[in-house]
Amino acid sequence: MKTVLITGAAGDVGTHLRRELAGSYRLRLSDLRPLKGLAKGETFARADISSMRDALRITKGVDAIVHLGGYSVEGPWEAILAANIVGCYNVFEAARRNGVERVLFATSNHAAGFYRRDQVIDHRVYPRPDGRYGISKVFGEMLGSVYADKYGMRVFCMRLGNVNERPIDRRRLSIWLSPRDLAQLVRIGLEHPDIRFEIVYGVSGNRRSWYDNSNALRLGYRPQDDSEPYAAGVLARETPGDPRAEACQGGIFVHVEELPNPAPLPAKASKRKKK
Ligand code: 15L
């Protein structure tokens, strides 16, 4: 059985993934936050990935990494820099030094959030990040490209939409990713023999999708869920939003400067922020 490190395991995506992957892998979970209630086959290592020492410690001896950790929404540069730029570099570099074969990187729809909603985009489009957070996700994808080309690592970048039990608004009807479809995609990233460097969209088989996800389909992804059965209910509750947000795939990320981040800041970023 493979040992898989999940960074950012205490977050929403990590919580869904732990449940879905239970029994298939030995899971080493890491997060800045403490994590309670470990299941059979799980261990926990508290870590701040903005520290290379921590990154080296948690990546030692694993077969693969699902890198979810970081600042998960638009936010202040200091926080994005520490968690998503320095932290992401540390995870890839520590993986290389520890001989980890595969890294699955949770990138985001916000790497391409300035594409309009009337456009269908695939994995080869020029990225159009919708802010600092989106830039950090493009940075992570490009780090992955270097680690694949230069060091032979197998890198699987999943541009996640919104992982949730059900879609919550009009935009999410197009980018929803159900937990079981997330797990299917992650299993492809962990197991597919031909992965070198790939970008795929982490979305369910939504009829309203803005993505040509042929790269994921080519690798065997067959999503089980579609947001459409939820559409009437979701749209009945929807009120008109800011026209800039409504036009773009990234929604409010295209004009807000900060959103509440559910995760704590890495220590260095908190210190810098207070200055
Ligand atoms: C993301 O990248 C965020 O991590 C998540 O919290 C959601 O905001 C999601 O995008 C989204 O676009 O809905």
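In each ligand, atom 1 is the first atom listed, and ligand 1 is the first ligand listed.
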Name the residues with a heavy atom less than 4.0 Å from ligand 1? Ser72, Val73, Ser108, Asn109, His110, Tyr133, Gly161, Asn162, Arg171, Arg172, Ile175, Phe253
Using the test side chain to side chain contact (heavy atoms under 4.5 Å, CB included), find all partners of Arg96 that sit at least two apart in sequence or belong to another chain. Glu93, Tyr147, Tyr151, Met153
Using the side chain to side chain contact (heavy atoms under 4.5 Å, CB included) criterion, which residues pair with Asn98? Sequence neighbours excluded. Leu56, Thr59, Lys60, Val100
Applying ring pair (Phe, Tyr, Trp, His ring centres under 6.0 Å), which residue pairs with at least one partner in residues 161-190 are found, sequence neighbours left out? Trp176-Tyr230
Using distance alone, with no hydrogens and no angle criterion, decide if Asp181 and Ser178 have a side-chain donor and acceptor under 3.5 Å apart. yes
Side chains of Arg26 and Thr43: donor-acceptor distance under 3.5 Å anywhere? no
Verify whether one side chain among Asp212 and Ser214 offers a donor that lies under 3.5 Å from an acceptor in the other. yes
